[in-house]
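Below, chains carry the letters A, B, ... as their sequence lines are ordered, and counting in each starts from 1. All values derive from a computational prediction rather than experimental measurement.
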Amino acid sequence: MTSTDQSPSANFIRYIIIDDLQAHKYDRQIMTRFPPEPNGYLHIGHAKSICLNFGLAAEFAGVCNLRFDDTNPSRENIEYVESIQEDVRWLGFDWENRLHYASDYFEQIYDYAVQLIQKGKAYVCSLSADEIRQYRGTLTEPGKDSPCRNRTVEENMDLFTRMRNGEFPDGAHVLRAKIDMASSNVVMRDPAIYRIRRASHHRTGDKWCIYPMYDFAHCLSDSIEGITHSICTLEFENNRALYDWVLDALGVACHPQQIEFARLNLTYAVLSKRKMIELVENGYVNGWSDPRMPSISGIRRRGYPPEAIRNFCERIGVAKRDSTVDMALLEHCVRENLNESTPRVMAVLNPLRIVIDNYPEDQVEWLEAPYHPDNQQMGSRNLPFSRVLYIEADDFMEDPPKKFYRLAPGREVRLRYAFYIKCERMIKDEQTGEIQELHCTYDPETRGGGAPDGRKVKATLHWVSADHAIGAEVRLYDHLFTRPDPDGAKDGTDFKTFINPDSLKKLTACRLEPELANAAPGSRYQFERLGYFCVDTVDSCETALVFNRTVTLKDEWAKIQKK
RNA sequence: UGGGGCGUCGUCAAGCGGUAAGACACAGGAUUUUGGUUCCUGCAUUCGGAGGUUCGAAUCCUCCCGCCCCAGCCA
């Protein structure tokens with residue numbers, strides 16, 4: 001964790017912990033946990049939970065466990081447990097020796113189920129899934145008791161043992177908690193806590209053919225680990241009654257407090273596992289690590305630094321109201337971090353050739369350019385300047401509007417860290433009228449970029465020397481969706497309808513200053529006046545550099561143009 | 001229409017009976033060899049609505065309105 005991390009802001013969970021600490025509620029350190037199900041990749045919404053759980057533990061001298069909630073072998077797999085660990089680690093958190101799996105507790109959880117049966121608080125139900133649904137009633141009508149509800153303890157023990165022994169086919173029986181079929185909270189209408197599922201588990205293999213349900217396994221896993229504060233999202237609020245019921249019914253020593261908070265939503269993005277899978281599987285994006293995806297692997301490849309994500313998670317706060325955070329805040333956090341951490345470098349994305357007519361044919365001079373304007377510690381490099389250069393095509397206009405103060409016929413501008421140049425004439429394609437190259441003159445007195453006579457120039461342009469520049473592909477990313485609320489259409493229009501067709505633009509004729517030839521995969525730079533970019537970790541290689549645009553610089557001129 | 005939650009600036013979000021923090025966004029201005037950064041300034045007489053209690057209410061009470069979650073042998 002770095003010093004740039006945001007200082008903690010007030011939130012209700014922090015207050016609960018402070019109160020608990022002051023009341024000496026625990027005779028030990030506080031303990032939280034991040035409990036992902038290994039059935040998909042993590043996204044920035046999970047980052048909020050990870051930062052919350054690990055952050056709170058760190059702040060109050062406690063610890064946070066990483067626990068895989070792997071109770072459903074038919075949807076989970078090892079690939080996900082690995083990617084999840086990689087992502088949590090990348091975010092900057094360390095679970096040390098506290099890596100756990102709910103599956104590690106299967107034997108204990110089974111014993112607890114037996115205890116429940118023996119206390120007359122659970123029974124084996126032989127209704128079909130469909131029948132159970134019918135017996136459950138509706139939101140407004142109570143359910144009715146299963147005909148199996150009054151089986152004897154002996155009968156239940158016999159059946160449950162045989163369930164474990166594999167004597168029944170999948171779905172034949174289910175173990176249910178005996179609570180209240182008339183409860184106004186549907187979760188409490190004798191919920192299933194164990195089902196028969198003949199599926200090979202990624203950790204326990206074929207040892208089990210019955211698996212505990214979330215509501216049974218989660219609270220017990222928390223209890224077994226000694227969790228003090230079990231933080232989860234709002235949709236589990238109704239389940240808290242069951243969480244507490246199970247732990248009370250069993251009379252366990254450790255009864256953690258479940259606390260719910262609102263999950264993160266982001267504008268111009270879609271954060272549900274189901275929708276992200278849809279994007280990946282139908283090829284709308286190139287896999288989970290596509291830089292346009294809000295997955296942790298996507299934003300990592302995009303170049304977002306982990307510090308920026310942590311900062312973002314602190315700034316958005318933690319509360320119970322449903323909310324959608326503006327993507328602009330995330331981008332702000334990314335720029336804030338990159339602004340100070342990143343070396344400045346020059347790259348021309350859409351090259352326009354310019355010839356300096358009064359510059360000697362074969363001359364090259366090397367001009368010193370600092371890597372960071374406000375941090376000399378980052379050092380400098382020398383840039384080659386020669387007769388033929390490239391500048392950004394957008395930096396020239398034949399017929400400039402009022403507020404355009406870059407290069408135009410007859411106008412003088414500065415080339416960053418180099419010279420003042422003046423546009424003398426342009427060469428156009430006679431057929432298309434397209435501008436092919438510019439002819440300029442330079443003022444040798446302005447070497448380095450300052451004019452001895454004090455004359456001012458309105459713009460400074462980035463540039464590269466044509467003979468020295470190296471080529472690269474640059475990928476420009478934009479929001480994946482065209483509307484801030486892709487799944488908010490009143491008429492129910494599918495979110496995929498709003499995919500931004502311009503969310504990815506590949507530029508293949510980019511010219512970069514020679515220094516970049518050695519750029520390592522993953523390294524981040526600011527391309528002056530353009531934005532922050534990083535070397536792609538998948539497609540880039542020494543002979544064919546590929547850069548991803550992480551985020552643009554704020555752009556006053558772009559704003560003016562929009563008006 | 002049952003139960004559980006939530007409603008404070010465009011977006012997040014503090015506030016917990018003493019008279020509306022902060023951030024992002026937005027709008028001006030200063031500085032600037034990045035139209036970047038930095039720095040100033042502005043931006044809720046009002047807290048979903050209506051009543052009530054109180055010297056005093058976003059905070060307490062009542063009623064109303066709106067939004068979210070729950071009827072998986074998913075988590």
Side-chain angles (χ1 to χ4, degrees), chain A residues 6 9-11 15 35-37 39 69 71-72 74-76 125 127-130 132-134 136-143 170-176 183-189 191-197 210-211 213-215 217-218 232-241 260 262 264 267 273 315-333 335-336 339-340 344 346 369 372-374 403-406 414-418 420 446 448-451 457-462 484 526-531 552-560:
Chain A
Q6 196 76 8
S9 56
N11 71 55
Y15 286 137
E37 181 189 12
N39 73 338
D69 222 331
T71 57
N72 186 355
S74 42
R75 342 195 302 169
E76 297 154 5
C125 181
L127 254 22
S128 70
D130 214 54
I132 286 182
R133 189 179 320 121
Q134 281 161 8
R136 187 154 31 223
T138 69
L139 295 180
T140 51
E141 307 158 45
D170 286 14
H173 307 283
V174 88
L175 184 69
R176 292 228 252 170
S183 173
S184 50
N185 181 355
V186 186
V187 169
M188 300 297 269
R189 320 243 258 229
I193 56 177
Y194 258 97
R195 76 288 217 185
I196 303 172
R197 178 88 106 237
I210 58 170
Y211 293 93
M213 301 284 293
Y214 165 85
D215 285 306
H218 197 89
C232 63
T233 43
L234 251 28
E235 67 270 26
F236 291 102
E237 229 155 3
N238 296 315
N239 299 57
R240 189 175 64 236
E260 311 85 11
L264 171 67
T267 57
K273 215 173 258 182
R315 287 208 206 196
I316 57 178
V318 179
K320 296 196 70 160
R321 93 181 61 146
D322 293 315
S323 60
T324 302
V325 175
D326 197 333
M327 179 74 87
L329 178 59
L330 211 207
E331 293 176 341
H332 167 82
C333 292
R335 286 191 189 101
E336 181 181 59
N339 175 48
E340 57 174 52
R344 264 103 263 226
M346 290 201 280
H372 193 115
D374 314 311
K403 291 186 172 169
F404 180 89
Y405 44 82
R406 273 107 102 142
R414 170 170 41 233
L415 292 183
R416 180 142 239 226
Y417 301 129
Y420 281 17
T446 58
V457 89
K458 289 200 84 171
T460 299
L461 311 185
H462 60 278
Q526 183 196 102
F527 287 178
E528 295 226 30
R529 304 208 305 133
L530 297 173
T552 62
L553 247 29
K554 285 212 277 184
D555 189 348
E556 194 67 25
W557 170 237
K559 263 188 205 172
I560 293 168

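Side-chain contact between A:M213 and A:P191 is absent, with no heavy atoms from C-beta onward closer than 4.5 Å. Proximity of A:L329 to A:I316: side-chain heavy atoms (C-beta onward) are separated by under 4.5 Å at one or more points. No side-chain heavy atom of A:H173 sits under 4.5 Å from any side-chain heavy atom of A:Y194. When side chains are defined from C-beta on, A:E331 does not count as touching A:D326, because their heavy atoms never get closer than 4.5 Å.
Between A:R321 and B:U8 there is a side-chain N or O to OP1 or OP2 distance below 4.0 Å. Proximity of A:R529 to the phosphate of B:G35: a side-chain N or O atom is located under 4.0 Å from OP1 or OP2. The phosphate of B:C24 has OP1 or OP2 within less than 4.0 Å of a side-chain N or O from A:H332. For B:C26, one of the phosphate oxygens OP1 or OP2 lies less than 4.0 angstrom from a side-chain nitrogen or oxygen of A:K559. Within the 4.0 Å cut-off from OP1 or OP2 of B:U37, at least one side-chain nitrogen or oxygen of A:K554 is found.
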Protein-to-nucleotide contact annotation, 5' to 3' order, nucleotides 69-75 of chain B [B base; S sugar-phosphate only; - none; under 4.0 Å, heavy atom]: BBBSBBB
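Comparing the P positions of B:G10 and B:G49 gives a spacing of 13 Å, expressed to the nearest Å. Rounded to a whole angstrom, the distance from the P atom of B:U11 to that of B:C64 is 27 Å. Nucleotides B:U46 and B:U59, compared at atom P, are 15 Å apart to the nearest Å. B:A21 and B:U45: their P atoms are spaced 12 Å apart (whole Å). To the nearest whole angstrom, the two P atoms, one in B:A57 and one in B:G48, are 15 Å apart. Across B:G52 and B:G42, the matching P atoms stand 37 Å from one another, rounded to whole Å. Distance check on atom P: B:G7 versus B:C47 gives 15 Å, rounded to whole Å. Taking the C1' atom of each, B:A23 and B:C6 are spaced 22 Å apart, rounded to whole Å.
Across the protein-nucleic acid pair, A:D374 atom CG and B:U37 atom P stand 11 Å apart, rounded to whole Å. As a whole-Å value, the separation of A:E556 CD from B:G28 C1' is 11 Å. At whole-Å resolution of the value, CG in A:L329 and P in B:G22 are 16 Å apart. We find that CG of A:L461 is positioned 15 Å from P of B:G36, with the value rounded to whole Å. The nearest whole Å value for the distance from the CZ atom in A:R344 to the P atom in B:U34 is 11 Å. Rounded to an integer number of Å, the gap from NZ of A:K320 to P of B:G7 is 10 Å. Taking atom CZ of residue A:R414 and atom P of nucleotide B:U32, one finds them 11 Å apart after rounding to whole Å. The NZ-P distance, from A:K458 to B:U32, rounds to 14 Å in whole Å.
Taking for each of A:T140 and A:L415 the nucleotide of RNA chain B with the nearest heavy atom, the 5'-most of the two is the partner of A:T140. The residue among A:V318 and A:L330 whose nearest nucleotide of RNA chain B is located toward the 5' end is A:V318.
Contact annotation for A:F527: no contact, since no heavy-atom pair falls under 4.0 Å across all strands. If you check every strand for non-hydrogen atoms under 4.0 Å, A:K403 touches a base. Across all strands shown, A:V457 has no heavy atoms under 4.0 Å from either base or sugar-phosphate atoms. No contact: A:P484 has no heavy atom under 4.0 Å from any strand. A:T324 comes within 4.0 angstrom of sugar-phosphate atoms only, judged by non-hydrogen atoms across all strands, and of no base. Base engagement by A:I560 is indicated by at least one non-hydrogen atom pair under 4.0 Å involving a base atom. Nucleic acid contact class of A:E237 (heavy atoms, under 4.0 Å, all strands): sugar-phosphate only. At a threshold of 4.0 angstrom between heavy atoms, the contacts of A:Q526 include nucleobase atoms, whether or not backbone atoms are also involved. Nucleic acid contact class of A:G143 (heavy atoms, under 4.0 Å, all strands): none.
Looking at the side chain of A:Y15, the nearest of the listed nucleotides B:A14, B:U37, B:U8 is B:A14.
Closest non-hydrogen pair, A:E528 versus A:R344, comes out as OE2-CB, 3.5 Å. Contact detail for A:T71 and A:Y214: the closest heavy-atom pair is OG1-N, 4.4 Å. When every heavy atom of A:E260 is checked against every heavy atom of A:R240, the shortest pair comes out as OE2-NH1, 2.6 Å.
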Could you walk me through whether A:R414 and A:T460 pass the side-chain hydrogen bond (donor to acceptor under 3.5 Å, both in side chains) check? CA-CA 5 Å; A:R414 170 170 41 233; A:T460 299; 3.1 Å; yes
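Nucleotide B:C74 forms no Watson-Crick or G-U wobble pair with any nucleotide shown, as no partner meets the under 3.5 Å limit on both distances. Within the shown strands, nothing qualifies as a pairing partner of B:U19 under the Watson-Crick or G-U definition with both distances less than 3.5 Å. Partner assigned to B:C6 is B:G66, using Watson-Crick or G-U wobble distances below 3.5 angstrom. If you check B:A25 for Watson-Crick or wobble pairing at under 3.5 angstrom, you find it has no partner at all. Across all strands shown, nothing is found opposite B:U54 as a Watson-Crick or G-U wobble partner with both distances under 3.5 Å.
Between the side chain of A:E340 and the base of B:U37 there is no donor-acceptor pair of N/O atoms closer than 3.5 Å.
Checking side-chain atoms of A:R335 against main-chain N and O of A:T552 turns up a donor-acceptor pair under 3.5 Å.
Ring centroids of A:Y405 and A:W557 are separated by 6.0 Å or more, keeping the two rings apart.
A search for salt bridge (charged side-chain N to carboxylate O under 4.0 Å, His left out) contacts involving A:E76 returns nothing, not counting sequence neighbours.
With its glycosidic angle more than 90° from 0, B:G42 is assigned anti.
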